[in-house]
Amino acid sequence: MKRHAENKLETLETAYKAAQKDKAAKDKAVEKAQEDVDNITSGALADANAAKEKAQTVYDSAKADLDEKKTRYDTLNSEISSLEEQLEEAVFQLAEQKKSDELSKKLQNLDFEAQRSEISRTEKDVAKAKEKVAEAQDNLDKLTTGAKETGLELTADVNGVIKAVNVTAGNTPSKGDIVATIEVPDRGYTAEMTVTSEQAQRVSVGEYAQVSMGWWGRSDIQAQLVSMRADPQNPQGGRILIFEVTGSDVESGATLNLAIGERSRSFDTIIPKSAIRSDTNGEFVLMITAKQTPLSTRYIASRVAITKIAEDDTMVAVSGELAYNDCVITTASGPISSGMQVRLADEG
């Protein structure tokens, strides 16, 4: 664009020089005409004046054309300056975009590298788990074969799910020992609660207890008091309440919170007593909040003030800024305060 303007300028300068040359020629003609005027004393003076006027007209026309070309030159020069500024801005933006693209690529490569490392660790863990399963299966096959050969194979009288095995390979159980515990879902589930004799007098067989799954909320589980008996550990002052438990969420070994005798009350949040802490500012719990980072998930302990509403030997109903699915810290391997980063027990 700049070269084009320079060519235009050269053309204009050439035209300007030609106009000046033409002007010089016309001026010379004017001078000659003036000489003729001086020499002519007759009617030839009128012809000389006409020649002078014609020469002036030619000059004025050439001067006007030159002025127009100069104006065009100034305009083109201004356009060139504007285009140069735009070009510099475009070059700067391109350089900044390249820097941004390079940074994004580095971050993406870092994320891919972290994912590859995580996949590699997972594959190693899966391989180790498969080795352990194969080893356990091999030991089971050896035990099964040995039991069949020696006549020591045990056969249960009922169909069910083995929930616990109380012997280990290589040991010989004594007569009367419980070798395994089998759960028979068709026979239903029961739960027991130890209370004082005074508390037992406040309830009746047939009543339903309120049930919650710890501090994780409620379910469709129902528990009906079907019988009571004396507590073998405290025959005089203790009673054992036996409940028949039903519901789709029931499973052997589950921990349930049962409340009976106060059916008019219900609690939104129930937590273990071990989760409650206190200081000069009152009682509180440490809630775990998850924070996502590009490489992993971090867990932070946060203080949440609570107020006790009701409690028993192990659980407490509270009010405060807690939802039923919030995770609170019950035990820790060392002192913990609000704002500290923690690691969950199942993460190793």
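- Hydrophobic cluster membership is shared by V316 and L322, with clusters built from Ile, Leu, Val, Met, Phe, Trp and Tyr side chains linked at under 4.5 angstrom.
- Side-chain contact between K273 and T314: absent, with no pair of heavy atoms (C-beta onward) separated by less than 4.5 Å.
- Contact record, V245 with T190: CG2-C, 4.2 Å, taken as the closest heavy-atom pair.
- Salt bridge annotation for E207-R202: absent, with no cationic side-chain nitrogen under 4.0 angstrom from a carboxylate oxygen.
- Residue-environment remark: CD (E192) exceeds the threshold of 12 foreign heavy atoms within 6.0 Å.
- A pairwise comparison of heavy atoms in T330 and A275 identifies CG2-CB, 3.9 Å as the closest pair.
- Annotation: side chain of C327 is not in contact with side chain of M287 (no heavy-atom distance under 4.5 Å).
- Across all non-hydrogen atoms, the minimal contact from A301 to V342 is CB-CG1, 4.2 Å.
- Cluster membership check: V195 does not share its hydrophobic cluster with I242, using side-chain heavy-atom separations under 4.5 Å among Ile, Leu, Val, Met, Phe, Trp and Tyr.
- Between L344 and I288, the closest side-chain pair of non-hydrogen atoms falls below 4.5 Å.
- No donor-acceptor distance shorter than 3.5 angstrom exists from the side chain of S82 to the backbone of S78, with no hydrogens or angles considered.
- Around atom CD of E283, more than 12 heavy atoms belonging to other residues, nucleotides or ligands sit under 6.0 Å away.
- One finds the CZ atom of R72 at 11.0 Å from the CG atom of D74 (value rounded to the nearest 0.5 Å).
- Scanning both residues, P232 and I240, for their nearest heavy atoms gives CD-CD1, 3.8 Å.
- Atom CZ of R303 has more than 12 heavy atoms from other residues, nucleotides or ligands within 6.0 Å.
- Other residues, nucleotides and ligands place more than 12 heavy atoms under 6.0 Å from the CD atom of Q341.
- If you chain together hydrophobic residues whose side chains sit under 4.5 Å apart, Y59 and L66 never meet in one group.
- When hydrophobic clusters are built by joining Ile, Leu, Val, Met, Phe, Trp and Tyr residues whose side-chain heavy atoms come closer than 4.5 Å, directly or via intermediates, I300 is not grouped with L286.
- Proximity of a side-chain donor or acceptor of Q224 to a complementary backbone N or O of Y208 within less than 3.5 Å is not detected.
- For the pair E89/Q93, a side-chain contact is recorded, criterion being any heavy-atom separation below 4.5 Å from C-beta on.
- Contact of the I329 side chain with the R277 side chain is registered, since non-hydrogen atoms from C-beta on lie closer than 4.5 Å.
- Side-chain heavy atoms closer than 4.5 Å link hydrophobic residues (I, L, V, M, F, W, Y) into clusters, and following such links, possibly through other members, connects Y189 to M193.
- Taken to the nearest 0.5 Å, the CD atom of Q86 stands 11.0 Å off from the CD atom of E88.
- For the pair K70 and Y16, the cation-pi test (distance below 6.0 Å, angle within 45°) is passed.
- The OG atom of S61 lies 11.5 Å from the CD atom of Q56; values are rounded to the nearest 0.5 Å.
- Sparse packing is recorded around CD of E321, with 12 or fewer heavy atoms of other residues, nucleotides or ligands lying under 6.0 Å away.
- In terms of heavy atoms, G238 sits closest to S197 at N-OG, 3.6 Å.
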For the pair R239 and V203, evaluate side chain to side chain contact (heavy atoms under 4.5 Å, CB included) and give the outcome as yes or no after the intermediate values.
-> CA-CA 12 Å; R239 294 290 184 272; V203 298; over 6 Å; no

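- When the shell of 6.0 Å around CD of Q233 is examined, it contains 12 or fewer heavy atoms from other residues, nucleotides or ligands.
- The two residues F284 and A305 have their closest heavy-atom pair at CB-CA, 4.1 Å.
- Contact annotation: the side chain of T57 never approaches that of K54 to less than 4.5 Å [non-hydrogen atoms, C-beta and beyond].
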